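What follows is one structure encoded as C-alpha cells, with my remarks underneath.
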Amino acid sequence: MSVFDPGLQPERTGLAWQRTCLALGIGALVYARIDAATVGGWAWALAGAGMLTALVLGFASRRRYRYTHRSLTSGVVKLPDGALPAALALAILAGGAVVLVLTVVTAVS
C-alpha cells in the first residue's frame with residue numbers, strides 16, 4: 001500500500017498558496033492606491049514591500065510543493081513544517097501594524 005494518494009492534494013495546496021500570494025500582492029497594491037492620498041509615498045513603499053513579500057512567499061511555496069511531491073512519490077514521508085504559514089502570518093501581522101501606525105501618525109499630525 002502506497003502512502004501517496006494520486007488525488008492531487010499537493011497540487012491543490014500548491015495552487016492555494018499561489019492564490020494566497022497573488023492576493024497578498026494585489027492587496028498591497030490596492031492599499032497603496034487607496035491610502036496614497038493620506039500617507040503619501042509611504043503607501044507605495046509598503047506596497048513594494050508587500051509585493052516583495054508575496055514574491056518570496058510564492059517561491060517558498062513552490063519549493064515546498066516540490067519537496068512535498070518528492071517526499072510522497074518516493075515513499076519516504078517527511079512532510080514540511082509549519083514555517084511557511086507562520087511566515088505568512090508574521091508578514092500580515094507586521095504589515096497591519098505598520099499600516100496602523102502610519103494611519104494614526106498621519107491622523108494626529
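FYI, the numbering just counts along the sequence from 1. Quantities reported herein were computed from a predicted structural model and do not represent experimental measurements.
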ILVMFWY clustering at 4.5 Å (side-chain atoms), partners of Leu84:
Trp17, Leu24, Leu57, Leu88, Ile92
CG (Leu46) and CG (Leu102) are apart, to the nearest 0.5 Å, by 5.5 Å
Residues in ring pair (Phe, Tyr, Trp, His ring centres under 6.0 Å) contact with Tyr31, at least two apart in sequence or another chain
none
For Ala43 and Ala32, work out which heavy atoms get closest and say how close.
O-CB, 3.5 Å
Of the non-hydrogen atoms in Arg64 and Asp81, which two are nearest, and what is the gap between them?
NH1-O, 2.8 Å
Linked hydrophobic residues, Val108 as query - side chain contacts closer than 4.5 Å
Leu100, Val104
Atom pair CD (Glu11) and OG1 (Thr68), whose distance is rounded to the nearest 0.5 Å
10.0 Å
Tell me the closest heavy-atom pair linking Ala54 and Gly25, and the distance in Å.
CB-N, 3.7 Å
Sidechain-backbone polar pair: Arg62 side chain, Gly14 backbone, donor-acceptor under 3.5 Å:
no
Find out whether Thr103 and Asp35 are in side-chain contact, i.e. whether some heavy atom of one side chain is under 4.5 Å from a heavy atom of the other.
yes
Ring pair (Phe, Tyr, Trp, His ring centres under 6.0 Å) partners of residues 39-67, not counting sequence neighbours, each pair once
Tyr65-His69
Apply side chain to side chain contact (heavy atoms under 4.5 Å, CB included) to Ser74 and list each qualifying residue two or more places apart in sequence or on a separate chain.
Val76
Which heavy atom of Cys21 sits nearest a heavy atom of Gly58, and at what distance?
SG-N, 3.4 Å
Going by side chain to side chain contact (heavy atoms under 4.5 Å, CB included), name the residues that satisfy it together with Leu90, two or more places apart in sequence or in a different chain.
none
